[in-house]
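Both counts, for ligands and for their atoms, begin at 1 and track the order of listing. Model, not experiment: these values are computed from the prediction.
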Amino acid sequence: MTIDKFNFAGKKAIVRVDFNVPLDENGNITDDTRIRGALPTLKKILSDGGSLIIMSHMGKPKGKVNPKYSLSQIKDAVAKALGVDVTFAPDCAAAADAAAALKPGEALLLENLRFYPEEEGKPVGIEKEDPAYDAAKKEMKARQKDFAKTLASYADVYVNDAFGTAHRRHASTAVVADFFDADHKMLGYLMEKEVTAVDNILNNIKRPFTAIMGGSKVSTKIGIIENLMDKVDNLILCGGMTYTFAKAQGGKIGNSLCENDKLDLALEIIKKAQEKGVNLVLGTDCVAGDAFSNDCNTQVCQANNIPEGWEGLDAGPETRVKFAEAIKPSKTILWNGPAGVFEFDNFTGGSRAIADAIVEATAAGAFSLVGGGDSVACINKFGLADKVSYVSTGGGALLEAIEGKVLPGIAAIKGE
Ligand code: AMP
């Protein structure tokens with residue numbers, strides 16, 4: 001079932017959203033992107049004449065009540081965004097009466113799901129090595145099922161709109177779906193958009209397809225690089241991992257970031273790209289600094305010939321041109337991870353060149369997906385988020401989806 005086709009009139013919908021918004025020390029929201037992201041789904045339900053039971057996690061309270069992570073702090077902001085009064089249920093596992101009292105067009109916000117260890121379903125206070133761990137895990141899984149059943153009992157329909165937690169099999173993200181039939185569980189609009197975006201780069205590819213993988217380490221990206229190797233025409237590897245590749249090929253990299261235990265892996269990636277006919281684009285020159293700081297002295301040098309005491313902190317001018325040349329004619333583009341230490345204003349040039357080329361390709365009709373943690377911060381820093389096709393909201397979930405893994409939150413609804 002899709003949310004668009006469902007008429008929520010007279011129905012109670014329990015909606016898993018990601019309201020894990022950053023708060024300042026006074027409990028004020030500093031970035032409400034996630035609340036705004038869920039509004040199309042929540043408003044559709046209300047305007048159909050349905051009532052809303054909104055559930056989310058916030059932070060990592062580790063199965064214990066902790067006022068610092070109470071969702072009561074965001075109740076008023078949610079009410080304002082929705083344009084209706086919102087009641088608050090201070091115990092998410094004892095909200096049956098509050099849910100039953102909801103009338104069409106009304107909304108109830110449940111307290112942080114993660115105040116209960118059952119939400120994540122991991123046994124508390126016992127290490128994996130403990131002989132009693134397996135029994136404790138089994139017991140917790142049974143409790144998780146009961147907790148999910150309680151949540152399900154509040155509503156007629158379950159909607160999951162929390163892409164950021166879709167890679168977790170938690171009570172509210174996956175287990176709860178088992179208590180609804182196929183016609184009464186569905187993805188929300190935000191989830192649908194994320195799923196379509198991932199599908200565009202994994203299955204519905206228009207060529208040429210260019211993936212740009214940056215960031216600090218090759219080790220955290222290897223699963224994605226391997227999955228993409230069979231799909232892409234151009235693979236740009238940039239950022240800190242440039243220097244692991246340069247060293248693996250015999251280069252001198254000074255103090256640059258390097259994973260010495262991944263040198264063989266780097267050579268394997270180069271070999272695989274050759275075997276599969278993938279155009280692997282690595283940085284040739286770089287902007288090196290004499291310290292890891294914005295104000296250090298800089299020089300442009302070859303990425304495989306960096307003087308002692310210097311470290312590569314951004315892609316160099318020649319490299320930027322090479323990257324842009326690969327990106328501009330592309331029809332499908334994925335960008336994950338910056339090309340340099342973009343947090344320092346003096347080392348944003350490489351990432352900016354990538355962002356500009358993606359914007360140009362998108363204007364010419366390419367589908368571009370930017371996602372996974374720091375690339376989102378980077379595109380936002382450049383003010384270009386609305387000039388690419390899609391900026392993903394899910395860090396870890398997006399990366400796992402691109403690795404080709406099945407996300408439990410989506411499988412629980414689509415039955416895959
Ligand atoms: P990741 O979380 O793996 O995507 O890495 C993102 C981080 O990589 C950002 O904080 C960047 O500052 C960092 N990064 C990118 N290029 C470099 C580099 N050449 N040296 C050190 N850190 C880098």
Proximal atoms of ligand 1 relative to Tyr243 (non-hydrogen, under 4.0 Å):
19 (N)

Residue-level breakdown please: for Glu311 versus ligand 1, do any non-hydrogen atoms fall below 4.0 Å on the side chain, on the backbone, on both, or on neither?
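Glu311 to ligand 1: no contact under 4.0 Å from either part.
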
Can you tell which part of Val341 has a heavy atom less than 4.0 Å from ligand 1: side chain, backbone, both or neither?
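Both parts.
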
Taking [atom] as the reference point, the nearest protein heavy atom with its distance:
| atom | result |
| --- | --- |
| atom 19 (N) of ligand 1 | Gly312 O, 3.0 Å |
| atom 7 (C) of ligand 1 | Asp374 OD2, 3.6 Å |
| atom 4 (O) of ligand 1 | Lys221 NZ, 3.0 Å |
| atom 9 (C) of ligand 1 | Glu343 OE2, 3.3 Å |
| atom 14 (N) of ligand 1 | Gly340 O, 3.9 Å |

Under 3.5 Å side-chain donor-acceptor pair for Arg16 and Ser172
yes

Under a 4.0 Å N-O cut-off, is there an ion pair linking [X] with [Y]?
| X | Y | result |
| --- | --- | --- |
| Glu118 | Arg143 | yes |
| Asp76 | Lys80 | no |
| Arg34 | Asp161 | no |

Residues, nucleotides or ligands: over 12 heavy atoms within 6.0 Å of Lys141 NZ:
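Count over threshold, so yes.
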
Would Arg352 and Asp314 satisfy salt bridge (Lys or Arg N to Asp or Glu O under 4.0 Å), going step by step from the backbone distance to the final call?
CA-CA 11 Å; Arg352 179 77 208 208; Asp314 197 6; over 6 Å; no

If you measure from each heavy atom of Phe347 to ligand 1, is any distance below 4.0 Å?
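Flag not set, Phe347 not near ligand 1.
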
Using distance alone, decide if ligand 1 has a nitrogen or oxygen within less than 3.5 Å of any nitrogen or oxygen in Ser216.
yes

Gly240 to ligand 1: N or O pair under 3.5 Å?
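Checking ligand 1 against Gly240, an N or O pair does fall under 3.5 Å apart.
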
Are the side chain of Thr298 and the backbone N or O of Gly289 linked by a donor-acceptor pair below 3.5 Å?
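Not at all, since once roles are kept as given, no pair shorter than 3.5 Å links the two residues.
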
Full working for salt bridge (Lys or Arg N to Asp or Glu O under 4.0 Å) between Glu275 and Lys271:
CA-CA 6 Å; Glu275 284 167 6; Lys271 192 163 153 251; 3.7 Å; yes

